Amino acid sequence: MSQIVSEVVAANAQYAADFGEKGKLPLPPGRKFAILTCMDARLDPAKYAGLAEGDAHVIRNAGGRASDDAIRSLVISHKLLGTNEWFVIHHTDCGMQLFDDKIISGLLEKSLDTATIDEHGWHDHGAGPGSVHGHYVKWLSIGDLEASVIEDVQRIRSHPLVAPNIPIYGYVYDVRSGRLIEVPEATAAGRPA
Ligand code: ZN
């Protein structure tokens with residue numbers, strides 16, 4: 001077993017030992033809201049937004065972007081599980097600001113191994129082979145941080161399967177301070193009809 005696997009299994013044994021009444025939680029989120037946010041390891045939505053098990057849906061992907069799959073989850077979250085307020089939360093120093101479609105596709109074309117970045121940009125060190133399939137993917141990288149929050153709130157707001165009465169709030173999480181900073185233009189775009 002890898003070291004990480006044994007650590008995870010041991011941590012879980014500890015968690016399950018103190019599980020208590022959480023086994024009786026209902027499936028729909030008790031506080032009826034959902035957060036779409038980045039997978040960045042420094043972000044812990046349960047801590048930064050004060051969530052306990054059973055409180056809210058947290059949908060995570062690279063960037064916290066409103067991808068088709070994120071919207072699929074949000075639609076299920078409301079339609080079948082009753083959430084009626086949504087947050088889109090991107091963050092400072094996001095890895096998605098460090099590349100664009102052309103850069104990642106070029107790196108993947110060389111090899112599938114982990115690349116590195118320095119002041120001159122990205123470098124691929126893998127032996128290859130890579131794959132051209134990256135050129136067919138929209139990677140949803142981020143240029144301007146606030147603009148990406150606004151864009152994603154607008155995209156969710158205008159989606160035909162999203163109920164118009166759900167407010168969608170836009171925020172940026174600051175990885176230096178732990179603070180959530182509202183993007184007023186995003187929240188305005190997400191105002192319920
Ligand atoms: Zn990120």
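By convention here, the first residue in the shown sequence is residue 1. Ligands are counted one by one from 1 in listed order, and the atoms in each one are counted from 1 as well. Every value quoted in this text rests on a predicted model; they were computed, and no experiment measured them.
When hydrophobic residues (I, L, V, M, F, W, Y) are linked wherever their side-chain heavy atoms come within less than 4.5 Å, the members clustered with Y15 are F19.
Applying the side-chain hydrogen bond (donor to acceptor under 3.5 Å, both in side chains) test to pairs two or more places apart or on separate chains, those with a residue in residues 156-169 are E85-Y169.
Electrostatic pairing of R42 and D40 counts as a salt bridge here, judged by a charged N lying under 4.0 Å from a carboxylate O. Salt bridge absent: D152 and R155 never bring a charged side-chain N and a carboxylate O closer than 4.0 Å. Salt bridge present: R31 and D55 bring a charged side-chain N and a carboxylate O closer than 4.0 Å.
For the Zn ion (ligand 1), the neighbouring protein N/O/S atoms at less than 2.8 Å, given as residue and atom, are C38 SG, H91 NE2, C94 SG.
For Y136, there are no side-chain hydrogen bond (donor to acceptor under 3.5 Å, both in side chains) partners at least two apart in sequence or on another chain.
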